[in-house]
Participant: 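First, the structure itself, so that you have it in front of you.
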Number of protein chains: 2
Amino acid sequence: MTVPRAETEYVDRRSLHERIAADLRDDIMSGELAPGASLPSTARLKERFDASNATVQKALQLLKEEDLVVGRAGASVTVREHRRRTVAPAALSTADRWLTEAAKHGTHARSVLRDVAEVRPPADVRSALNLPVDGTALLRSQILLIDDEPAELVDCYYPLAIAEGTALMERRRIKGGTPALLAELGHSARRSVDRISAEIPTQEQYRSLRLTSSTPVLRTLRVVHGAGDSPVEVTVMVKAGHLYELRYEF
Amino acid sequence: MTVPRAETEYVDRRSLHERIAADLRDDIMSGELAPGASLPSTARLKERFDASNATVQKALQLLKEEDLVVGRAGASVTVREHRRRTVAPAALSTADRWLTEAAKHGTHARSVLRDVAEVRPPADVRSALNLPVDGTALLRSQILLIDDEPAELVDCYYPLAIAEGTALMERRRIKGGTPALLAELGHSARRSVDRISAEIPTQEQYRSLRLTSSTPVLRTLRVVHGAGDSPVEVTVMVKAGHLYELRYEF
DNA sequence: GCTACCTTTCACAAAAACCAGTAAGGTCGC
DNA sequence: GCGACCTTACTGGTTTTTGTGAAAGGTAGC
């Protein structure tokens, strides 16, 4: 019968090995533990976190599954090469720019068109498109693969008034990219607004992005405005948190 | 003795009630379930997720702890008012701008100076400041409170060459804000670069921000460049993921 | 080859997650 | 006020996870 005090006693409810992993992960991601460096030994970590051998091991197991560290029996657990993919909004704007960008870094990237359909978009997209509650839009759903690993989910929504009768409605890749096509149609982008948030992945996202443990996702809701500031395209991009970093300059 | 197939069988390893909470949370955050709306009944959720009564309740319990929903016995579990705080980079630049911004929205915000000290900054900050591995910088660590709830951790790092002998080194609030002071010192901001990532909170962050369940955090590493493009200030901002949304326009 | 240090693995107690079912009691439309 | 539907709470029982401690076995320097 423990009596929790209101303010003073605030505890982390995650399991011990998750907490240990969280702190070590931060040391790695912040660069405190650089790639190639060794983590403190199990004995040392036992001390630092006041945990048992196996619990520390389980924490390390999590980091291994995230491909952050490798352990060799007898030697030490070392930090792997893990540079996060930095992506600036300009590079984001089309999947194609993306692909060429990736090629420069020696990685193989490709996008797969998952679905093209007229759907009732989620409420936040709907309001960005100025649609009524029962309004529909054209959805082009893609998934980006880097070295054949799923890396990002991209859902592009277009107003039907714009998409109707164009190549956008066809279930195949747009040659030259959608921005070029939209520009041809007289809807070139004048202004873009990104809204970024960190989310806990849904089951769908978890499976599609092949996430491990409790990785968060980075969600970007992009509204592209055309002439007269009317919305031309709304894109929802969901990336695995540990793979990406967004870069904005101003 | 189950034989896991390599590619096809990829499963979500989170506990069932966490997965249920994740999907419901997405319905709420995307606006699918608007504030005031009722969630499906326990019986319906049991069906939808193929779970038992108690498991569904546990999922709902998580959402209640996040203040996303309220349940009244007999009636239904309804979505609470939860508008996320949207914050644009301009409004971010000083804690003071922040405070006046908050006042406009009828909320009470204040910042507490936690610490002022010369420290060896984390590696990513260090490299942004062009410091050697053993270099130090001045840290001004603050925490932002909104309605007396911790909302954001702000760590500002300044090169010693700039901070030395100025009010920055004193353990008290800067009148007029640090940007104004820096400008006076001849280090006005010419260019800023933000790098945004989603992270799993460390134990420190978890406790300081009073996080619940497995909420991620939104981390912004801002590098402010002055004349000659030399770094004048590096700020690390860590916000609770469910409270914030970043907005960038270009 | 020896030794110190390290990771890894195994056996086992305690805790929790989960299920099925039941029951108490609140809310709302009729 | 009645009944349908709802949230909440509790029981008992199985399975999985979390945690501990000790032992097995690899690595590297001497």
Participant: For Lys46(B) and Lys58(B), take the nucleotide of DNA chain C holding the closest heavy atom to each; which residue's nucleotide lies nearer the 5' end?
Facilitator: Lys58(B)
Participant: Just checking Thr55(A): base, sugar-phosphate only, or nothing, at a heavy-atom cut-off of under 4.0 Å?
Facilitator: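 Counting heavy atoms under 4.0 Å across all strands, the contact made by Thr55(A) includes a base.
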Participant: Testing the basics here: between Leu218(B) and Ala198(A), what is the closest heavy-atom pair and its distance to 0.1 Å?
Facilitator: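 Minimum heavy-atom contact is CD1-CB, 3.6 Å.
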Participant: Under 3.5 Å, is there a donor on one side chain and an acceptor on the other for Glu66(A) and Thr212(A)?
Facilitator: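 Note: Glu66(A) and Thr212(A) side chains miss the donor-acceptor criterion.
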Participant: Round to the nearest Å and state the distance from Gln57(A) atom CD to dA24(D) atom P.
Facilitator: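 Distance check: Gln57(A) CD to dA24(D) P gives 17 Å.
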Participant: How would you give the extent of chain B contacts on DNA chain C, as first and last nucleotide 5' to 3' within a 4.0 Å heavy-atom cut-off?
Facilitator: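 So the outermost contacting nucleotides come out as dA17(C) to dC28(C).
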Participant: Rounding to an integer number of Å, can you tell me how far Leu60(B) CG sits from dC6(D) P?
Facilitator: 13 Å
Participant: Verify the contact: side-chain N or O of Ser41(B) to OP1 or OP2 of dC6(D), cut-off strictly under 4.0 Å; return yes or no.
Facilitator: yes
Participant: Distance check needed: dC5(D) P versus Glu47(B) CD, whole Å only.
Facilitator: 13 Å
Participant: How many Å lie between CZ on Arg72(B) and C1' on dC6(D), as a whole number?
Facilitator: 11 Å
Participant: Rounded to the nearest Å, what distance is computed from the CZ atom of residue Arg14(A) to the C1' atom of nucleotide dG19(D)?
Facilitator: 18 Å
Participant: Measure across Leu129(B) and Pro231(B) and return the closest heavy-atom pair with its distance rounded to 0.1 Å.
Facilitator: CA-CG, 4.0 Å
Participant: In whole angstroms, how far is the P atom of dT18(D) from the CD atom of Glu18(A)?
Facilitator: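 Rounding to the nearest Å, CD of Glu18(A) and P of dT18(D) are 7 Å apart.
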Participant: For the helix from dG1(C)-dC30(D) to dC30(C)-dG1(D), figure out the bend between the end axes, five pairs an end, and round to 10 degrees.
Facilitator: 40°
Participant: Which heavy atom of Leu209(A) sits nearest to which heavy atom of Lys239(A), and what is that distance?
Facilitator: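 Nearest pair, atom of Leu209(A) first, then Lys239(A): CD1-C, 4.2 Å.
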Participant: Could you say whether Ala54(B) or Leu39(B) is positioned toward the 5' end of DNA chain D, judged by the nucleotide with the nearest heavy atom to each?
Facilitator: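 Residue closer to the 5' terminus by nearest nucleotide: Leu39(B).
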Participant: Please determine, by modelled atom types, if Glu245(B) and Ser197(A) share a side-chain donor-acceptor pair under 3.5 angstrom.
Facilitator: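 On atom types as modelled, these side chains do not qualify, holding no pair under 3.5 Å.
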Participant: Closest approach of Arg14(B) and Ile200(A), non-hydrogen atoms and distance?
Facilitator: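 Looking at all heavy atoms of both residues, the closest pair is NH1-CG2, 3.6 Å.
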Participant: When you get a sec, tell me which of dT8(D), dT20(D), dA22(D) is the closest nucleotide to the side chain of Asn53(A)?
Facilitator: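 It is dA22(D).
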Participant: Looking only at side-chain N and O atoms, does Ser15(B) come under 4.0 Å of OP1 or OP2 in dT16(D)?
Facilitator: no
Participant: Just how far, in rounded Å, is P of dT20(D) from NE2 of His17(A)?
Facilitator: 12 Å
Participant: Should Arg44(B) be listed as having a side-chain N or O under 4.0 Å from OP1 or OP2 of dC5(D)?
Facilitator: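 No.
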Participant: For Ser76(B) and for Leu16(A), find the nucleotide of DNA chain D with the closest heavy atom, then tell me which residue's nucleotide is more 5'.
Facilitator: Ser76(B)
Participant: Kindly give the heavy-atom pair with the smallest separation between Cys156(A) and Gln142(A), and that separation in Å.
Facilitator: SG-OE1, 4.4 Å
Participant: Should we count CZ of Arg84(B) as having more than 12 external heavy atoms under 6.0 Å?
Facilitator: yes
Participant: We want to know whether Asp155(A) and Ser141(A) form a side-chain donor-acceptor pair, criterion being a heavy-atom distance below 3.5 angstrom.
Facilitator: yes
Participant: Side chain of Val77(B), heavy atoms from C-beta onward: which of dT7(D), dT18(D), dT20(D) has the nearest atom to it?
Facilitator: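 The listed nucleotide nearest to Val77(B)'s side chain is dT7(D).
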Participant: Between Ser208(B) and Pro150(B), which heavy-atom pair has the shortest distance, and what is it?
Facilitator: O-CB, 3.2 Å
